[in-house]
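Report on one structure; see the data block that follows.
Each residue takes its place number in the sequence, starting with 1.
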Amino acid sequence: MTITAPYNFVPLSTTVHEPEWAEAVSHDLPFQDGVSGSIKYTLTAKSPLLVGGRQIPATQDAPGEVHFYQLPNKTHAIPGSSIRGMLRSVVEIATTSRMANVDDRRYGLRDISGKYVSAAYTTKVRDKVRYGFMKMQPGGNITITPCNMVRLSHRQIEKEFGLSSFCFRAGESVADKYRKWESWAKVQGFPSLSLPFSLNGDTVSRLGAGTNTGYPVFTGQISDGSRDKPGSKFKNKYKDFIYYNPREEERFEVDERTWGDFLFIHSDPYANKSTESDAKKTEQPKLSWDNHWKQQFHNNKQVPVFYLQDQSLLRIGLAFMPKLAGDFSIHDMLGHSSKDHLDANIQDMATLIFGQVDNTDIGALRGRIACQPARQTSGESTQEHGPTILNSPKASFFPNYILQSTGDSAGTLSGASYATYLSSSGNERPQLRGWKRYPARPIEQVIVQPLTAEQISNTRLQVKLNSLPTGAAFTGNIHFHNLKPEELGALLWSISWGGDDNLHHSLGMGKSFGFGQVTVKLDELEVSPNDPQLAPTHDTEQAVNYMECFTRHMEKATQRKWASSNSLRALLGMANPNNVHHYKGGLQHMRLSTNGPNDFLQAKKDGQALPHPVLAEVALNKNSTPWVNETIARLAEEHKQKPEDVWRSKGLAQAWQEIDDAEVRAAALSEIKGYWQDHGWWDKPPGKSAKTAFNIYQEG
C-alpha cells in the first residue's frame, strides 16, 4: 500500500547560511543601508479558517468546542503571534536557516511488524534484557537494584488458586490485574507483593508455598490466552513474571537523561489533566506508568522494570520486550544532516529578523519586526464542523519522519530495512525528513474527518470546530525596524511567495483537513531609509526591488543553487493547491482501528515510506545550468520519466560524461552533485542506476 498523510516534509539544507552582517545587527546602531517602516496587508481565507480562541472542554455527554479568537470588543482577529509564526516558518526554509525550535527528544521503538524493521529492534533486545527494581531514594536519586526473574503462568494461577479459566482478560490494565491479584492473595493467606513459591530448575513448581519469595510482575501486554479448541495450544501470551532475589550490592543510579527518556516514552502528556482541552488530546490506550506504576513510585515503593545496558546508554522499560529509547535523539539526526543545525551561535537570517531567546553564548536577540493583530473586515459568521477528532501525528512513525532510501516516487523502500531511531546495518546515520508542512489542496477536497463507528460513542475525545468560511478577510500591519534591504526582501518574499498569487500559506487549526489555507496581498509598503540623504517612499511597486535584492543574495550565498534547490522547490510545490493530484491516495490520514484495518502496521509490513513531496516545476528551469535543464528535459521525454527520476539516472551521468567543454562539464557536475546532496544520495546512491551514475561522476 502507498502511505498517505495530510502532511509532508521540506528537505533540510545541508548547510546553514549566516549573513555577513550578522554580528552587526542591533536596535541601537543603525545600518547605513538599513530601512524601517510598515507593511499593510490583506489576508484572505481560501478554505475554512480557525485560529483558536475560547475552548470548551469535552465531557462524557458532549464534545468539546473551539471558537475563533476574538479581541475584547468581540471582533474576530488573528493574533500577531500567529502571523509571526506563519511567516517565520517560510523564512526559515527560504533562507536556509537552522531547524532550531525543536525539542531534543529520544523516541522509543518496540516493533516486530515485519522484515523491514524487526531486525533493528530484535538485535538490540535478544538475550540482553535484564530485570530489577526501580526506586526513588531518600535523597531524590533514582536507582535500580538487579534481581532474578522466573516466568509466572496464568494457567498455573488458575489451577492452584481454583479460579475459572482466563483469570486475566484482554483489555485489562495493569492496575486491574493487581486489584484482582490482591483479592486472590488475600484468600490464599499471603501478602499480595510477597509471593511464596517453589522452583524446579528455572520453572515455578508451586505457588503460595516454598522457600522462595518473589514480587509478582504483571504487564499490559498479556491477552486472555484463548484456545482455538480444547487441548490446543494457547493462541496468545499467557505468562507474566516473578522477580526475586534482589542484589543490593549491584544497585546503580539512573542518570538524568535516562530518566527523562523513560518518562517521555512511557507517559501520556495529557494523562490526569482534566482541564486540558480535549481538542489537544490524542486517542491512545492507558499506559501502565500513568495507570499504575507512577503512583507506586511516588509513594516510595519499588517498581519492577526491564532494562538494557548498551554501551553508555541505559534503557528502561515496563515489558519483557521493552520500548527502547532510540540510539539517536532528534538533535543527533539533525547533526547527521548538518552540524550547523545544532550550532546555536550561528545567527541565520530567520534569527536575525525574528529574534531568539537567551539560550546561547550570544545571548538573547530581540526581533526587528512586530506583527499587530489582523482584524476581520469581511466574511460571514462562523460555521460549525464536526464533531471530529483532532489526532496529532506521531513522530515515532519512522516511515514518515525519518529519511528513507526509496526506489520510486511511490515511496517503496530500496534497501533491506527502514532507517529508524535505532542503529542498524546500513542505517548508522539516520536523518530527519525535514520541515513539516501541510500541502495546499483545492476547496472541494477540504473535508473534516468523520468519526468512525468506534469513535462515535466516546464524546470525551470529540471536538466541534467553529471556523470562519472561505472568503473571510482580515487586514493587519507589520512594523519593521533597521532591516537590511536583503532582510526586508526576505520578509516580503515570504509574505507574497515571491509574487506568486497561486500559492497558499497555512494558518490555525485543522490543517490536516485542509483548513487554514490563506493568501496574503500587499496593500501598502512604507519605507524610511536610515540614510538621511534618502527620502521615505510609499510605493508597493518597490517590493519587487527588495525581493530581487533578497534572491540575488541567496543565489550568491548558495552558489546559484537557491532557486533550483529541493528545499525551495518542495516549499513552493506544497503551497500550490494545483499539485494535489500528485499525491497518490490523497492527503488523508491512514486508518487505525482496534477491530479493523491498521494501515500504519500494513505500510511497514509492505516496506513503504512517505513519498517525496511535490517539487515546484517552475523552479526547475530558473537559475540553473542550461545544459542540465536541456538534458533533463530531453531524457525525460525520451524515456517517459519524471524529471526528478532523471536526476539520479545513469543516462544523465552518461550524457555528462560526453561533454567536451571543461567549463560546462564542471558547472553541470556541481549542480548535479548539489541536487544529489540535497536528497541524501551522494553518500548512499538509491538503486542500481544511481550507483552506476555515481561511479561515473566519481571517475570523471
Exercise. Do side-chain atoms of Asp340 reach the backbone of Ile346 as a donor and acceptor pair under 3.5 angstrom?
Worked result: no
Exercise. Can we call the ring centroids of Trp681 and Phe694 under 6.0 Å apart?
Worked result: no
Exercise. Backbone N or O of Arg98 within a donor-acceptor pair of the Asp348 side chain at under 3.5 Å?
Worked result: yes
Exercise. Should we count CD of Gln698 as having more than 12 external heavy atoms under 6.0 Å?
Worked result: yes
For this session: Decide side chain to side chain contact (heavy atoms under 4.5 Å, CB included) for Phe306 and Leu318; before the verdict, give the C-alpha distance in whole Å, the side-chain angles of both, and the deciding distance to 0.1 Å.
Result: CA-CA 6 Å; Phe306 303 78; Leu318 296 171; 5.6 Å; no
Exercise. Is the side chain of Ser417 donor-acceptor paired with the backbone N or O of Val117 at a distance under 3.5 Å, no angle test?
Worked result: no
Exercise. Measuring from Asn578:CG to Arg441:CZ, what's the distance to the nearest 0.5 Å?
Worked result: 14.5 Å
Problem set entry | Phe354 CZ to Arg368 CZ distance, which is reported to the nearest 0.5 Å | 11.0 Å
For this session: For Leu308 and Val125, work out which heavy atoms get closest and say how close.
Result: CD2-CA, 3.9 Å
Exercise. Do we get Arg648 above Trp676's six-membered ring, with its NZ or CZ under 6.0 Å from the centre and within 45° of the axis?
Worked result: no
Problem set entry | Any donor-acceptor pair under 3.5 Å from Arg110 side chain to Lys323 backbone | no
Exercise. Taking NZ, NE, NH1 and NH2 as the nitrogens, is one of them in Arg315 or Asp261 under 4.0 Å from a carboxylate oxygen of the other?
Worked result: no
Exercise. Just one of Tyr438, Trp435, Tyr401 clears the ring pair (Phe, Tyr, Trp, His ring centres under 6.0 Å) bar with Phe9, so which one?
Worked result: Tyr401
For this session: Starting from the C-alpha separation in whole Å, work towards a yes-or-no answer on salt bridge (charged side-chain N to carboxylate O under 4.0 Å, His left out) for Lys124 and Asp327.
Result: CA-CA 10 Å; Lys124 291 285 184 184; Asp327 294 317; 3.0 Å; yes
Exercise. Does any non-hydrogen side-chain atom of Asp332 lie less than 4.5 Å from one of Arg429?
Worked result: no
Exercise. Has the side chain of Arg106 got a donor or acceptor atom that lies under 3.5 Å from a matching backbone atom of Tyr421?
Worked result: no
Exercise. Do any N or O atoms from the side chain of Thr14 and from the backbone of Ser338 form a donor-acceptor pair under 3.5 angstrom?
Worked result: no
Problem set entry | Contact summary for Leu587 and Val580, nearest pair of heavy atoms | CD1-CG2, 3.8 Å
Exercise. Taking atom CG of Leu109 and atom OH of Tyr121, what is their separation to the nearest 0.5 Å?
Worked result: 8.0 Å
Seminar exercise, completed: Closest heavy-atom pair, Pro11 versus Ala570, reported as atoms and distance to 0.1 Å, is CD-CB, 3.8 Å
Problem set entry | CD1 on Ile672 to CH2 on Trp656, rounded to 0.5 Å | 7.5 Å
Exercise. Is the closest side-chain heavy-atom distance between Asn8 and Asn400 below 4.5 Å?
Worked result: no
Exercise. Does any non-hydrogen side-chain atom of Gln602 lie less than 4.5 Å from one of Met590?
Worked result: no
Problem set entry | Test item: side-chain donor near acceptor, Trp627 and Glu671, under 3.5 Å | no
Problem set entry | Note, Val90 side chain near Trp497 side chain (heavy atom, < 4.5 Å) | yes
Exercise. Please walk me through it: do Ser512 and Tyr7 pass side chain to side chain contact (heavy atoms under 4.5 Å, CB included)?
Worked result: CA-CA 7 Å; Ser512 61; Tyr7 57 86; over 6 Å; no
Exercise. Is there a donor-acceptor contact under 3.5 Å linking the side chains of Ser13 and Thr15?
Worked result: no
For this session: Evaluate side chain to side chain contact (heavy atoms under 4.5 Å, CB included) for Leu491 paired with Leu87, printing each intermediate quantity in order.
Result: CA-CA 8 Å; Leu491 181 61; Leu87 295 179; 4.2 Å; yes
Problem set entry | His505 to Ile495 - nearest heavy-atom pair and separation | NE2-O, 3.1 Å
Problem set entry | pair Arg433-Ile402: side-chain heavy atoms closer than 4.5 Å | no
For this session: Search all heavy atoms of Gly489 against all heavy atoms of Phe550 and return the closest pair with its distance.
Result: C-CB, 3.6 Å
Exercise. Side chains of His612 and Thr406: does their closest heavy-atom pair fall under 4.5 Å?
Worked result: yes
Exercise. Any donor and acceptor pair, going by atom type alone, linking the side chain of Ser670 with main-chain N or O of Ala666 inside 3.5 Å?
Worked result: no
Exercise. Which value, rounded to the nearest 0.5 Å, describes the distance between Met333 atom CE and Leu403 atom CG?
Worked result: 11.0 Å
Exercise. Would you call Leu334 and Val102 a side-chain contact if the rule is heavy atoms closer than 4.5 Å?
Worked result: yes
Problem set entry | Any donor-acceptor pair under 3.5 Å from Asp343 side chain to Asn345 backbone | yes
Exercise. Counting only heavy atoms not in Lys436, do more than 12 fall under 6.0 Å of its NZ?
Worked result: yes
Problem set entry | Side chain Ser565, main chain Trp562, donor-acceptor under 3.5 Å | yes
For this session: Could you tell me how the ring of Phe262 sits relative to the ring of Trp259: parallel (under 30°), tilted (30 to 60°) or perpendicular (over 60°)?
Result: parallel
Problem set entry | Aromatic ring proximity Phe398/Tyr107, centre distance under 6.0 Å | no
Exercise. What closest approach, in Å, do Thr420 and Pro430 show between heavy atoms, and which atom pair accounts for it?
Worked result: O-CG, 3.5 Å
For this session: Applying salt bridge (charged side-chain N to carboxylate O under 4.0 Å, His left out), run through Glu92 and Arg88 and close with a yes or a no.
Result: CA-CA 6 Å; Glu92 286 174 329; Arg88 180 164 188 159; 3.3 Å; yes
Problem set entry | Residues Thr95, His17; criterion side chain to side chain contact (heavy atoms under 4.5 Å, CB included); working and verdict | CA-CA 7 Å; Thr95 61; His17 171 54; 5.7 Å; no
Exercise. Does Met554 offer a backbone N or O that forms a donor-acceptor pair with the side chain of Thr558 under 3.5 Å?
Worked result: yes
Problem set entry | Value rounded to 0.5 Å, distance of NE2 in His589 from OG1 in Thr4 | 9.0 Å
Problem set entry | Arg591 CZ: over 12 foreign heavy atoms closer than 6.0 Å | no
Exercise. Quick one: does Gln431's side chain get under 4.5 Å of Ser337's, heavy atoms only?
Worked result: yes
Exercise. Do Gln608 and Thr412 have a side chain donor and acceptor closer than 3.5 Å?
Worked result: yes
